[in-house]
There are 2 protein chains.
Amino acid sequence: MPDRADSDISALLANGSLRLTRPRRLIWRHLAAAGAHASAEGIYQALRRGRAPLGRATVFRTLKLFARLGIAASTDAAAPRRRFEAAAGKAHHDHMTCLGCGTVVEFTSLAIERLQEAEARRRGFQIVGHSLEVTGYCPRCVAARGRRRP
Amino acid sequence: MPDRADSDISALLANGSLRLTRPRRLIWRHLAAAGAHASAEGIYQALRRGRAPLGRATVFRTLKLFARLGIAASTDAAAPRRRFEAAAGKAHHDHMTCLGCGTVVEFTSLAIERLQEAEARRRGFQIVGHSLEVTGYCPRCVAARGRRRP
DNA sequence: TTGAATGCAAAAGATTTGCACCGTC
DNA sequence: GACGGTGCAAATCTTTTGCATTCAA
């Protein structure tokens with residue numbers, strides 16, 4: 001399993017002027033093993049006491065890098081602050097955020113909304129609101145990436 | 001329009017020992033008008049120069065209150081910090097977060113995933129990852145609320 | 001070798017809290 | 001009039017940045 005994980009990351013890093021360092025390897029493995037619940041602080045705490053003490057700043061920088069490379073995704077990629085919405089009624093829109101240029105495209109899907117409701121109902125969960133953030137690359141950045149690395 | 005908004009909020013606040021104050025009314029209206037893009041800081045900046053100067057702390061406290069009451073929802077309700085996940089392959093799970101007790105229920109929906117992809121494809125958007133956070137009340141808290149406030 | 005990456009500590013940004021005063025019920 | 005809410009400022013928590021040092025390529 002370290003094998004595949006390493007090849008994943010090294011293949012991506014090797015494509016630029018980026019370097020495959022020990023902290024990056026450690027953080028990547030941790031991320032791959034941790035599922036969706038990894039926070040910068042959590043990773044830092046988990047790794048600092050190992051035999052490879054590493055800095056908090058490195059964890060933040062590395063996670064951000066991974067997100068930019070597209071090998072990791074973060075909750076709420078676009079917003080530095082928390083956002084709120086009135087939950088009473090009102091049609092709601094979801095977001096696609098470009099990891100390359102930061103563009104946010106809004107969209108709505110009644111079908112997705114209905115499926116959410118179905119999932120919630122199945123669990124006796126009463127929905128108040130939801131936030132769907134799709135991260136990826138917009139057409140322009142997809143093209144740019146294709147050109148940059150053939 | 002102020003009518004309906006006010007009745008929404010006063011009905012909810014009246015249910016406890018909570019009071020309907022000017023800042024709360026203002027924040028609620030702003031929230032209702034702003035769609036999903038309202039941040040605490042944004043609301044503060046928008047309202048501070050009106051004829052009802054209000055404190056930053058009040059905005060934060062009020063938004064938190066609204067979320068607890070279920071009349072507003074926030075992105076990433078559960079997590080104070082940003083969370084990351086490895087995006088390479090790996091089935092991904094979504095979250096339902098209870099505004100009452102903080103419980104997080106994970107779920108996956110292939111159908112929702114497919115719809116996201118369809119929406120993305122339609123826009124030439126290349127998906128890297130996504131984060132779907134449904135907020136609401138779990139069965140236990142729904143029951144508790146029915147009985148009266150938690 | 002050499003520029004990229006790291007670690008530390010300081011800075012910046014976001015949110016919470018303590019406390020005296022104010023306003024709704 | 002009582003008690004919850006507000007505002008301010010200080011405290012806390014999260015994330016970013018400057019800079020000298022270290023290290024992968």
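Convention: sequence-line order gives letters A, B, ...; per-chain numbering from 1.
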5'-most by nearest nucleotide on DNA chain D - L54(B) or A40(A):
L54(B)
Would you say a side-chain N or O of K64(B) is under 4.0 Å from OP1 or OP2 of dT15(C)?
no
Touch check for R22(A), heavy atoms < 4.0 angstrom, all strands: base, sugar-phosphate only, or nothing?
nothing
Within the structure provided, determine whether V59(B) and E41(B) are in side-chain contact (heavy-atom separation under 4.5 Å).
no
Nearest whole Å is fine: how far is dT15(C) C1' from R56(B) CZ?
10 Å
When you get a sec, tell me which of dT15(D), dA25(D), dC25(C) is the closest nucleotide to the side chain of L20(A)?
dA25(D)
Distance in angstrom units between E41(A) CD and dT15(C) P, rounded
17 Å
On the side chain of R48(A), is there an atom forming a donor-acceptor pair with the base of dG7(C) - under 3.5 Å, no angle test?
no
On a plain distance test, is the side chain of R61(B) in donor-acceptor contact with the base of dG5(D) below 3.5 Å?
no
Tell me whether the side-chain N/O atoms of T21(B) come closer than 4.0 Å to OP1 or OP2 in dT6(D).
yes
Could you tell me how far apart Y44(B) (OH) and dT15(C) (P) are, to the nearest whole angstrom?
14 Å
Which whole-number value in Å describes the distance from R25(A) CZ to dC23(D) C1'?
12 Å
Side chains of I27(A) and L54(A): does their closest heavy-atom pair fall under 4.5 Å?
yes
R24(B) atom CZ is separated from dG4(D) atom C1', nearest whole Å, by 8 Å
Side chains of P53(A) and R48(A), heavy atoms from C-beta outward: is any pair under 4.5 Å?
no
Quick check for you: among dT17(C), dT6(C), dT17(D), whose closest atom lies nearest to any side-chain atom of A57(A)?
dT17(D)
Would you tell me if any nitrogen or oxygen in the side chain of R19(A) comes within less than 4.0 Å of OP1 or OP2 on dG3(C)?
no
Rounded to whole angstroms, how far apart are CZ on R68(B) and P on dT16(C)?
11 Å
Nearest whole angstrom, please: distance from the P of dT6(D) to the CG of L47(B).
13 Å
For L26(A) and dA24(D), give me the distance from atom CG to atom C1', rounded to whole Å.
15 Å
Could you check which of dT6(C), dA5(C), dT15(C) has an atom nearest any side-chain atom of F60(B)?
dT15(C)
Short N-O contact, E117(A) and R114(A), less than 4.0 angstrom:
no
Ignoring backbone atoms, establish whether T58(A) has a side-chain N or O less than 4.0 Å from OP1 or OP2 of dG7(C).
yes
Would you mind reporting whether T62(B) and W28(B) have side-chain heavy atoms less than 4.5 Å apart?
no
